[in-house]
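Written out below as structure tokens is the structure these notes cover.
Naming convention: chains lettered A, B, ... in sequence-line order (proteins, then strands); numbering from 1 in each chain.
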Number of protein chains: 2
Amino acid sequence: MAEQGPEREIVHLLRKVTVEFGLRQAEFAARNGMHPTDVRALICLLDAGRSGTGATAGRLGAELGLNSAGTTSLIDRLERLGHLTRTRDARDRRRVLLSVTPQAVELGWAAFGPMIGSAEALLRGFDEVEVAAVRRFLLGFHAAVSAKPDQAGGTDRS
Amino acid sequence: MAEQGPEREIVHLLRKVTVEFGLRQAEFAARNGMHPTDVRALICLLDAGRSGTGATAGRLGAELGLNSAGTTSLIDRLERLGHLTRTRDARDRRRVLLSVTPQAVELGWAAFGPMIGSAEALLRGFDEVEVAAVRRFLLGFHAAVSAKPDQAGGTDRS
DNA sequence: AGATATTATCTCGCCGAGCGAGATAATAGG
DNA sequence: CCTATTATCTCGCTCGGCGAGATAATATCT
């Protein structure tokens with residue numbers, strides 16, 4: 001009955017990782033008087049900071065799938081907690097620029113640092129070919145997840 | 001300026017995947033008159049069914065990090081939508097057994113099928129060593145994420 | 001057996017995240 | 001200038017999820 005190869009196991013594993021990851025995020029959020037969305041917002045802002053993208057309110061809301069009202073209250077919340085600051089953009093004064101405070105960086109690090117550490121330690125036991133394989137898989141999967149849902153194909157479910 | 005090796009990139013990639021994955025889940029949920037939590041619940045129930053674990057209300061709530069009140073209303077919601085059925089356990093009549101309807105299986109497949117298909121296609125282009133590497137990484141990372149947060153270590157942040 | 005503790009789920013009342021609709025302010029184009 | 005567009009905010013509301021506690025079924029201890 002339906003030999004389905006080792007690929008299916010990998011996919012379920014990845015899904016399991018994402019579920020567990022989401023749970024940790026939620027726990028961390030609760031522990032710090034926040035909500036899962038707030039944590040994801042901090043992740044996005046830290047990513048934006050790392051890649052030099054100017055983080056604005058609207059952009060953040062779009063990335064999180066919130067509408068403008070929700071975005072405003074999210075930012076209010078994070079500002080109230082001292083995790084970010086609003087600044088009117090001087091070039092285009094409709095925009096609000098967001099910058100995370102050092103305190104928030106510290107917080108983010110506390111949340112993800114240990115996990116990052118473990119993962120790096122794990123990967124240090126891999127040779128170049130193996131690391132490249134993991135990298136290629138994640139890149140490909142990210143592309144697949146980002147793509148709009150279209151073809152389903154007659155794959156065997158379970 | 002802290003040469004930080006290829007490991008860090010992998011971790012950020014994985015985080016990106018989980019964020020994107022969460023977004024797709026939320027979109028799918030909204031498209032079907034549900035909430036992100038409901039989708040995660042269906043995932044858990046489908047997983048439980050696959051591994052033969054008896055799915056009970058309490059167990060589901062624990063996996064999702066909800067308290068009993070929230071769990072009850074979640075189940076009410078899914079039952080109302082026809083995605084699961086409640087049955088009192090005959091052995092222990094305090095328990096409520098949950099079983100997903102075929103309709104819900106179909107729905108879950110519509111949500112994750114294309115993604116699973118893409119990932120499998122991707123992995124078919126990998127040789128055994130590479131697949132094994134991906135598998136080992138995901139297993140190790142899952143273990144790391146499941147572990148309680150303890151050591152932080154002085155790793156270089158960014 | 002009968003009293004008590006424990007477990008599994010449900011009910012009630014409340015808080016607040018996020019939505020829809022629309023207001024407000026700044027920029028761009030005719 | 002007058003209008004269209006863009007970016008953010010305000011208001012009112014719905015409903016997911018929490019805390020507290022009720023209820024019912026099962027274990028445990030004399």
Side-chain angles (χ1 to χ4, degrees), chain A residues 22-23 25-45 48 53-81 83-99, chain B residues 22-23 25-45 48 53-81 83-99:
Chain A
L23 268 178
Q25 257 179 235
E27 279 172 16
F28 174 80
R31 220 179 314 140
N32 289 86
M34 304 168 77
H35 297 260
T37 301
D38 306 51
V39 177
R40 277 183 304 177
L42 287 181
I43 292 179
C44 288
L45 291 174
T53 321
T56 68
R59 190 164 173 71
L60 178 63
E63 283 183 47
L64 295 174
L66 300 178
N67 73 0
S68 63
T71 304
T72 298
S73 72
L74 163 70
I75 295 174
D76 285 346
R77 233 149 55 212
L78 289 175
E79 195 177 36
R80 204 177 313 127
L81 287 169
H83 294 329
L84 67 81
T85 52
R86 275 179 167 103
T87 334
R88 280 278 165 198
D89 187 344
R91 321 269 175 133
D92 181 343
R93 297 214 330 243
R94 292 168 301 181
R95 295 187 165 197
V96 168
L97 297 177
L98 306 173
S99 42
Chain B
L23 267 179
Q25 256 178 233
E27 279 173 17
F28 174 81
R31 220 178 313 139
N32 289 86
M34 304 169 76
H35 297 260
T37 302
D38 306 51
V39 177
R40 276 183 305 177
L42 286 181
I43 293 180
C44 287
L45 290 174
T53 320
T56 68
R59 191 165 173 68
L60 177 64
E63 283 182 47
L64 295 174
L66 300 179
N67 75 359
S68 64
T71 304
T72 297
S73 71
L74 164 69
I75 295 174
D76 285 347
R77 230 150 56 213
L78 289 175
E79 195 177 35
R80 203 177 315 127
L81 287 171
H83 293 331
L84 66 80
T85 53
R86 277 181 166 102
T87 334
R88 280 277 166 199
D89 187 345
R91 321 271 175 128
D92 182 342
R93 294 206 344 234
R94 290 169 303 182
R95 295 187 166 198
V96 168
L97 298 177
L98 306 173
S99 41

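Which of C:dA17, C:dA26, C:dC19 sits closest to the side chain of A:H35 comes down to C:dA17. For B:R77, taking side-chain heavy atoms from C-beta onward, the closest of the listed nucleotides D:dG16, C:dT27, C:dA17 is D:dG16.
Contact annotation: B:N67 reaches the phosphate of D:dC18 (side-chain N/O to OP1 or OP2, under 4.0 Å).
When the P atom of D:dG16 is taken as reference, atom CG of B:L64 falls 14 Å away, rounded to whole Å. As rounded to whole Å, 16 Å separates atom C1' of C:dG18 from atom CD of B:E27. One can place CG of A:L81 at 10 Å from P of C:dA17, the figure rounded to the nearest angstrom. Atom CG in A:L60 sits about 11 Å away from atom P in C:dG18, given to the nearest Å. Distance CG (B:L66) to C1' (D:dG16): 9 Å, rounded to an integer number of Å. Atom CG in B:D89 sits about 9 Å away from atom P in D:dT26, given to the nearest Å. Rounding to whole angstrom units, CG of residue A:L74 and P of C:dG18 are separated by 7 Å.
Between atom CZ of residue A:R40 and atom CG of residue B:L23 there is a gap of 6.5 Å, rounded to the nearest 0.5 Å. Here CZ of A:R77 is found 11.0 Å from OG1 of A:T72. Values are rounded to the nearest 0.5 Å.
Counting non-hydrogen atoms of other residues, nucleotides and ligands closer than 6.0 Å to CZ of A:R86 gives a total above 12. Within 6.0 Å of CZ on B:R59 lie no more than 12 heavy atoms contributed by other residues, nucleotides or ligands.
For the side chain to side chain contact (heavy atoms under 4.5 Å, CB included) test with A:L98, the passing option among A:T87, A:T85, A:L60 is A:L60; the others fail.
Looking only at side-chain heavy atoms (C-beta outward), B:R88 and B:V96 come within less than 4.5 Å of each other. At a threshold of 4.5 Å between non-hydrogen side-chain atoms, the residues B:M34 and B:L78 count as touching.
B:G61 comes within 4.0 angstrom of nothing in the nucleic acid, heavy atoms only.
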Protein and nucleotides 8-12 of chain C: nitrogen or oxygen contacts under 3.5 angstrom:
{"unit_1": "C:dT9", "atom_1": "OP1", "unit_2": "B:A57", "atom_2": "N", "d": "3.3"}
{"unit_1": "C:dT9", "atom_1": "OP1", "unit_2": "B:V96", "atom_2": "N", "d": "3.0"}
{"unit_1": "C:dT9", "atom_1": "OP1", "unit_2": "B:V96", "atom_2": "O", "d": "3.4"}
{"unit_1": "C:dT9", "atom_1": "OP2", "unit_2": "B:G58", "atom_2": "N", "d": "2.5"}
{"unit_1": "C:dC10", "atom_1": "OP1", "unit_2": "B:R86", "atom_2": "NE", "d": "2.9"}
{"unit_1": "C:dC10", "atom_1": "OP1", "unit_2": "B:R86", "atom_2": "NH2", "d": "3.4"}
{"unit_1": "C:dC10", "atom_1": "OP2", "unit_2": "B:T72", "atom_2": "OG1", "d": "3.4"}
{"unit_1": "C:dC10", "atom_1": "N4", "unit_2": "B:S68", "atom_2": "OG", "d": "2.4"}

